[in-house]
Amino acid sequence: MVEQSEPSWEEPRLPPGQYIPRGRPVIHYGRVPRFRPETWQLHVMGATASGEQHRFTWPEFSALPRTTVMADFHCVTKFSIMGNEWGGISTATLMALAPPAPGVKHVMIWGEYGYSANVRMGDFDRAQTMFALELDEKPIALERGFPVRMIVPHLYAWKSVKWVRAVEYLLEDRRGFWEERGYHNIADPWREQRYSYQEEAGEGPP
Ligand SMILES: Nc1nc2c(c(=O)[nH]1)N[C@H]1C(S)=C(S)[C@@H](COP(=O)(O)O)O[C@H]1N2
Ligand SMILES: [Mo]
């Protein structure tokens, strides 16, 4: 009898075209905002289930149950930071408290100063997508998004909005800051979805 060999391969960890740099770059557009805990709020708006806007103050938001996610981080400029331990609040926890209306298929994530990134609900809803307050067991550094940044580890890192202040549920897809400026609407690093000219029918708003 011929023995059948098991198919075996290692899952690659580095998406195509990415490299591992020395150190850990800090990248963002514009200035680093100040954090004012007395006035800070996270808004959940747009097509909510109740039709009302939800607001979380800093004491409310920071008291929500925490989880930990181990994930790699892939910037479209081609560096990847492997094995980050993010601590924070899962999108599932937020959505249970501030649910979307039926029919919401997209989400706009807003940072300070009007930075934004859109993701599909299926990407927002992933188990690893979270609001991160900690990186490697320490509060996130000011320039990395303190007090809260989004982490969407399976998409290019421009979707991981720093200094996040609002979540907007969308009935129709809309482009965020970089998506309007030539970057791919979906941004899957495994498919090298870097630029909007690569988008196929149905991958972006008309
Ligand atoms: N608010 C905000 N968030 C942002 C950005 C930005 O310009 N503003 N840049 C994004 C990009 S392009 C990257 S690569 C990551 C960088 O995160 P880091 O500075 O922790 O490496 O933040 C993302 N989040
Ligand atoms: Mo980036």
Side-chain angles (χ1 to χ4, degrees), residues 13-18 24-30 33 42-46 67 69-82 84-95 100 104-133 135 140 143-170 172-200 202-205:
R13 284 245 337 241
L14 203 56
Q18 297 295 111
R24 177 182 244 158
V26 170
I27 300 196
H28 53 262
Y29 181 84
L42 184 88
H43 293 242
V44 182
M45 58 201 200
T67 72
V69 164
M70 253 308 200
D72 302 336
F73 184 89
H74 310 296
C75 172
V76 72
T77 65
K78 300 196 171 176
F79 70 84
S80 287
I81 308 293
M82 313 304 275
N84 307 283
E85 188 187 324
W86 302 103
I89 295 147
S90 72
T91 51
T93 296
L94 186 89
M95 282 196 292
V104 168
K105 299 217 171 55
H106 302 271
V107 180
M108 189 72 78
I109 303 155
W110 291 96
E112 299 273 4
Y113 304 140
Y115 183 88
S116 62
N118 58 317
V119 294
R120 295 174 299 183
M121 181 47 96
D123 292 318
F124 187 76
D125 213 3
R126 285 258 193 129
Q128 292 204 314
T129 304
M130 72 188 307
F131 300 90
L133 289 75
L135 170 57
I140 287 188
E143 67 276 15
R144 277 189 208 284
F146 180 84
V148 190
R149 79 178 296 171
M150 202 69 207
I151 288 295
V152 190
H154 64 287
L155 300 180
Y156 282 124
W158 82 78
K159 303 279 192 184
S160 290
V161 176
K162 303 187 198 185
W163 312 294
V164 62
R165 290 297 296 273
V167 166
E168 182 187 1
Y169 294 136
L170 303 177
E172 306 276 346
D173 197 9
R174 226 167 61 215
R175 291 176 187 275
F177 183 86
W178 286 119
E179 295 81 4
E180 274 185 336
R181 289 167 175 77
Y183 287 88
H184 200 286
N185 196 52
I186 298 193
D188 179 351
W190 297 98
R191 299 176 62 193
E192 281 208 79
Q193 292 176 329
R194 298 177 189 275
Y195 306 110
S196 51
Y197 66 74
Q198 300 171 292
E199 285 171 20
E200 289 170 21
E203 290 183 332

Inset, instruction - Return yes when atom CZ of Arg24 has more than 12 non-hydrogen atoms of other residues, nucleotides or ligands closer than 6.0 Å, and no otherwise. - result: yes

Legend entry - Side-chain touch Met45/Glu168, heavy atoms, less than 4.5 angstrom: yes

Inset, instruction - In plain terms, say whether Arg120 and Glu203 are close enough for a salt bridge, that is, a side-chain N and a carboxylate O under 4.0 Å apart. - result: no

Legend entry - Euclidean distance, Arg144 CZ relative to Leu135 CG, rounded to 0.5 Å: 6.5 Å

Legend entry - Whether His74 and Trp190 hold their rings parallel, tilted or perpendicular, with breakpoints at 30° and 60°: perpendicular

Legend entry - Gln18 side chain to Cys75 backbone, donor-acceptor under 3.5 Å: yes

Legend entry - Closest contact, heavy atoms only, Tyr195 versus Gln198: N-OE1, 2.7 Å

Legend entry - Between CZ on residue Arg194 and CH2 on residue Trp178, distance to nearest 0.5 Å: 15.0 Å

Inset, instruction - Using modelled atom types only, decide if a donor and an acceptor are shared between the side chain of Ser80 and the backbone of Leu14 within a distance under 3.5 Å. - result: no

Inset, instruction - Please name the pair of heavy atoms, one in Ser116 and one in Gly176, separated by the smallest distance, quoted to 0.1 Å. - result: OG-CA, 3.4 Å

Inset, instruction - Report yes if the side chains of Leu42 and Leu94 come closer than 4.5 Å at any heavy-atom pair, otherwise no. - result: yes

Inset, instruction - State whether Tyr183 and Arg181 meet the cation-pi test: NZ (Lys) or CZ (Arg) under 6.0 Å from the six-membered ring centroid, and within 45° of the perpendicular axis. - result: no

Legend entry - Spacing of OG1 belonging to Thr77 relative to OH belonging to Tyr156, to within rounding of 0.5 Å: 10.0 Å

Legend entry - Non-hydrogen atoms of Pro33 and Glu112 that approach each other most closely: CG-CG, 3.6 Å

Legend entry - side chain to side chain contact (heavy atoms under 4.5 Å, CB included) between His154 and Val152, intermediate numbers included: CA-CA 6 Å; His154 64 287; Val152 190; 3.6 Å; yes

Legend entry - Side chain to side chain, Pro205 and Arg175, heavy atoms closer than 4.5 Å: yes

Inset, instruction - For residues Val164 and Trp110, determine if any side-chain heavy atom of one lies less than 4.5 Å from a side-chain heavy atom of the other. - result: no

Inset, instruction - Return yes if some donor-acceptor pair links the side-chain N/O of Lys162 with the main-chain N/O of Met150 below 3.5 Å, else return no. - result: no

Inset, instruction - Please examine the side chains of Val107 and Met121, heavy atoms only from C-beta on, and report whether any two atoms are closer than 4.5 Å. - result: yes

Legend entry - Backbone N/O of Ser160 and side chain of Arg149: donor-acceptor pair under 3.5 Å: yes

Inset, instruction - Taking the side chain as every heavy atom from C-beta outward, state whether Asp123 and Thr129 have any atom pair closer than 4.5 Å. - result: no

Inset, instruction - Spell out, as yes or no, whether a donor-acceptor pair under 3.5 Å connects the side chain of Asn84 to the backbone of Ala71. - result: yes

Inset, instruction - Might you point out which heavy atoms bring Leu133 and Ile89 nearest each other, and give the distance in Å? - result: CD1-CD1, 3.9 Å

Inset, instruction - Could you point out which residue of Lys105, Met95, His106 forms a side chain to side chain contact (heavy atoms under 4.5 Å, CB included) with Tyr169? - result: Met95

Inset, instruction - Please check if atom OH in Tyr29 has more than 12 non-hydrogen atoms from other residues, nucleotides or ligands closer than 6.0 Å. - result: no

Legend entry - Non-hydrogen side-chain atoms of Trp163 and His28 separated by less than 4.5 Å: yes

Inset, instruction - Please check if the side chain of Gln128 supplies one atom and the backbone of Pro153 the other of a donor-acceptor pair under 3.5 Å. - result: no

Legend entry - side chain to side chain contact (heavy atoms under 4.5 Å, CB included) partners of Pro25, counting only residues at least two apart: Pro21, Ile27, Phe79, Ile81

Inset, instruction - Would you indicate whether the side-chain heavy atoms of Phe73 and Ile151 approach each other to under 4.5 Å? - result: yes

Legend entry - Over all atoms of both residues, closest heavy-atom pair of Lys159 and Ile186: CE-O, 3.7 Å

Inset, instruction - Report the distance from atom OG1 of Thr93 to atom CZ of Phe131, rounding to the nearest 0.5 Å. - result: 9.5 Å

Legend entry - CE-CG distance between Met108 and Asp173, expressed to the nearest 0.5 angstrom: 7.5 Å

Legend entry - Contact summary for Arg126 and Thr91, nearest pair of heavy atoms: O-OG1, 4.0 Å

Inset, instruction - Rounded to the nearest 0.5 Å, what's the gap from OH on Tyr197 to NE2 on His184? Could you check? - result: 10.0 Å

